[in-house]
Amino acid sequence: MKGDKKKFLLIGNYFFPELTGIGKYNGEMIDWLSKNGYQCTAVVPYPYSPYWRIHSTNYYRSYWYKKELKKMDHSAPAIIYRCPHFVPSIPTGLKRVISDLSFVISSLCQVIYLMAFRKYDYVIVISPCFLLGFSGLLIRLFKNTKFIYHIQDLQVDTAHELGMIRWKPFIKLMFRCELAILKNADYVSSISDGMIKKIKQKYDRPVILFPNWVNTDIIYPVKEKISIKNKLNIPLDRKIVLYSGAIGEKQGLKDLLDVASNLHFRKDINFIICSSGPYFNKLKKTVQDLKLDNISFIHLLPIEKYNELLNIADIHLVLQRSNANDLVMPSKLTSILSAGGLAIVTATATTSLHNLISNHKIGYIIEQENVKALTTSIVEIIDTDPIEIKKNAREFALKYLDINIVISNFLSQVMSVS
């Protein structure tokens with residue numbers, strides 16, 4: 001496919017240089033497409049995740065539109081259009097809705113401007129925010145562009161299940177809007193079998209599996225870990241239990257505090273929470289109030305240091321609340337597997353996440369919100385060090401999750417029926 005000059009437009013609510021989650025994947029997708037000969041444009045907000053504030057380097061320009069060029073080695077630069085939007089410092093349910101709507105409106109203005117001067121072969125809209133799908137439909141209608149609707153998170157379902165939005169008429173309206181997009185997109189894709197099943201329950205149509213990926217050349221197992229521990233000021237005799245990622249409604253981090261309290265007597269076990277955002281400092285204060293000196297905090301690290309952090313962890317925690325079942329495939333899991341990490345994942349037996357891990361023997365699975373099970377699993381792993389699971393994890397990442405394999409497979413499915 002290299003050298004193909006088809007033009008892609010990405011519209012999404014998260015983007016580079018955000019270090020985690022959907023922003024990371026959107027940025028990597030544009031990088032990969034550009035390096036492989038495609039002409040790429042992105043309509044995105046100023047970076048704000050996971051801190052829920054505009055990154056300091058962009059703060060004073062974020063009130064208006066901005067054009068950027070993202071330079072690539074040996075290829076044309078990607079064109080990035082930054083759009084202003086409201087970013088609440090405390091993202092309550094209502095404020096999240098207002099934030100999304102502000103970007104939907106500002107990005108729509110940018111899209112209309114681009115439609116007047118440019119023609120794209122494909123427009124990829126990333127949900128969330130799901131309402132951005134209407135921009136994709138607009139381009140499809142007036143420019144005869146193929147519209148790909150990629151669902152990273154079933155946003156309305158998640159908000160409804162977690163009780164983030166409780167006004168039923170509004171929820172019903174959002175479900176109707178979502179259905180209209182699903183019915184009219186040229187292609188719909190999502191990141192897991194469980195998500196695909198739920199999408200088809202909303203509207204029975206073909207849905208392409210387009211899982212999250214990892215760059216296995218950047219995230220990989222490191223044998224020499226002593227120097228990394230010294231660099232991070234971690235005692236060599238300590239076993240590390242790492243939680244790295246978002247702190248919010250979907251994560252059951254209260255259980256982690258209870259487990260740390262239960263294992264306070266184990267002086268050889270330290271817990272590290274690597275995150276940022278509005279709930280980060282709140283969680284730190286809670287830990288201080290509980291006097292849990294076996295928990296340390298680290299802010300999110302750039303990709304070149306992230307691999308080191310992953311490799312010093314003896315156990316990785318992938319925690320979700322029980323009412324988030326199969327609505328989200330944890331994005332952090334791809335990096336953990338690529339680093340050959342050993343993950344404890346909370347998942348119910350009927351979910352695709354549970355099936356994936358159990359079928360390939362790439363991690364430990366426990367019931368959500370079960371402090372006793374989590375405590376027992378941590379002790380068992382620390383005391384036995386199951387090497388085979390770590391080996392399986394790396395092999396799975398190389399075979400199924402490598403960025404080159406995942407994006408190439410996706411494009412072959414889309415372009416074969418174009």
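Just so we're clear, the structure is a prediction, and the values are computed from it rather than from any experiment. Position 1 is the first residue of the sequence; numbering continues from there. Side-chain atoms are counted along with the backbone in the values below, which use heavy atoms only and exclude waters and symmetry mates.
Side-chain atoms of Asp255 do not come within 3.5 Å of backbone N or O of Val371 as any donor-acceptor pair. In this structure, Lys119 contributes its side chain and Lys143 its backbone to a donor-acceptor pair below 3.5 Å. The main-chain N or O of Lys7 is found under 3.5 Å from a side-chain atom of Asp121 such that the two form a donor-acceptor pair. Under a 3.5 Å cut-off, the side chain of Glu18 and the backbone N or O of Tyr48 do form a donor-acceptor pair. In this structure a side-chain-to-backbone donor-acceptor pair under 3.5 Å is missing from Thr346 to Ile366. Asp204 places no side-chain N or O within 3.5 Å of a backbone atom of Lys200 that could act as its donor or acceptor partner. Side chain of Asp314 to backbone of Ile240: a donor-acceptor contact under 3.5 angstrom is found. A donor-acceptor contact shorter than 3.5 Å links the side chain of Arg205 to the backbone of Ala185. For the pair Ser358 (side chain) and Asn355 (backbone), a donor-acceptor distance under 3.5 Å is present. Of the possible polar contacts, none joining the Asp186 side chain to the Ile148 backbone as a donor-acceptor pair under 3.5 Å is found.
Using a 4.5 Å cut-off on side-chain heavy atoms (C-beta onward), Phe410 and Val414 make contact. Lys202 has its side chain within reach of Phe175: a pair of non-hydrogen atoms, C-beta onward, lies under 4.5 Å apart.
Proximity of the aromatic rings of Tyr46 and His85 is defined here by a centroid distance below 6.0 angstrom, and this criterion is not met. Taking the six-membered ring where the residue is Trp, the centroids of Phe297 and Phe280 are separated by under 6.0 Å. Taking the ring centroids of Tyr400 and His360, they lie under the 6.0 Å cut-off.
Here Asn307 pairs with Asn311 under the side-chain hydrogen bond (donor to acceptor under 3.5 Å, both in side chains) rule; sequence neighbours left out.
Shortest non-hydrogen contact noted between Pro17 and Arg82 is CD-NH2, 3.9 Å. Closest heavy-atom contact between Pro84 and Ser62: CB-O, 3.3 Å. Smallest separation of non-hydrogen atoms from Ser34 and Ala78: OG-CB, 3.7 Å. Residues Val318 and Ala343 come closest through the heavy atom pair CG2-CB, 4.4 Å. For the pair Leu137 and Ala180, the tightest heavy-atom approach, listed with the atom from each and the gap, is CD1-O, 4.3 Å. What you find for Ser99 and Pro88 is that their closest heavy atoms are CB-CD, 3.9 Å.
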Side-chain donor-acceptor pairs under 3.5 Å in residues 216-224, sequence neighbours left out?
{"unit_1": "Thr216", "atom_1": "OG1", "unit_2": "Asp402", "atom_2": "OD1", "d": "2.5"}
{"unit_1": "Glu224", "atom_1": "OE2", "unit_2": "Ile226", "atom_2": "N", "d": "3.0"}

Problem - Derivation and outcome, salt bridge (Lys or Arg N to Asp or Glu O under 4.0 Å), residues Lys285 and Asp289 - result: CA-CA 6 Å; Lys285 186 176 187 308; Asp289 293 342; 3.2 Å; yes
Practice task
Evaluate the criterion side chain to side chain contact (heavy atoms under 4.5 Å, CB included) for residue pair Phe8 and Leu411; output intermediate values, then yes/no.
Solution key: CA-CA 12 Å; Phe8 281 82; Leu411 291 180; 3.9 Å; yes
Practice task
Take Gln368 and Thr348 through the side chain to side chain donor-acceptor pair (under 3.5 Å) test and state the conclusion after the steps.
Solution key: CA-CA 7 Å; Gln368 288 107 322; Thr348 303; 2.9 Å; yes
Handout entry: ring-ring contact (aromatic ring centres under 6.0 Å, His included) assessment of Tyr25 paired with Tyr14
Key = CA-CA 9 Å; Tyr25 289 114; Tyr14 305 91; over 10 Å; no
Exercise for the section: Please test Glu68 against Lys66 for salt bridge (Lys or Arg N to Asp or Glu O under 4.0 Å), starting from the C-alpha separation and ending with a verdict. Expected result: CA-CA 7 Å; Glu68 301 173 358; Lys66 179 186 176 185; 3.6 Å; yes
Practice task
Test Asp31 against Lys35 for salt bridge (Lys or Arg N to Asp or Glu O under 4.0 Å), laying out the working first.
Solution key: CA-CA 6 Å; Asp31 279 355; Lys35 288 175 181 176; 5.1 Å; no
Handout entry: Verdict with reasoning, Asn404 to Trp213, per side chain to side chain donor-acceptor pair (under 3.5 Å)
Key = CA-CA 9 Å; Asn404 297 301; Trp213 56 80; over 6 Å; no
Practice task
Start with the C-alpha gap between Gln152 and Asn212, add the side-chain angles, then the distance that decides, and say whether side chain to side chain donor-acceptor pair (under 3.5 Å) holds.
Solution key: CA-CA 9 Å; Gln152 281 272 6; Asn212 287 331; 2.8 Å; yes
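In Phe142, the CZ atom is not crowded: 12 or fewer heavy atoms of neighbouring residues, nucleotides or ligands sit closer than 6.0 Å. A 6.0 Å sphere centred on CZ of Phe86 holds more than 12 heavy atoms belonging to other residues, nucleotides or ligands. Atom CD1 of Ile90 sits in a sparse spot, with 12 or fewer heavy atoms from other residues, nucleotides or ligands closer than 6.0 Å.
In this structure, CD1 on Ile80 lies 11.0 Å from NZ on Lys67, to the nearest 0.5 angstrom. Rounded to the nearest 0.5 Å, atoms OH (Tyr306) and NZ (Lys332) are 8.0 Å apart. We find the CD1-CG distance between Ile124 and Leu10 to be 6.0 Å, quoted to the nearest 0.5 Å. Between the CD atom in Glu28 and the CG atom in Leu33 there is a gap of 12.0 Å [rounded to 0.5 Å]. The CD1 atom of Ile315 sits 12.5 Å away from atom CD1 of Ile272, with the distance rounded to the nearest 0.5 Å. Ser135 contributes atom OG, which lies 8.5 Å from atom CZ of Phe103 (distance to the nearest 0.5 angstrom).
In the model, Ser338 has a side-chain atom that pairs as donor or acceptor with a side-chain atom of Arg394 under 3.5 Å.
The side-chain tip of Lys70 points at the ring of Phe16 from less than 6.0 angstrom away and within 45° of straight on.
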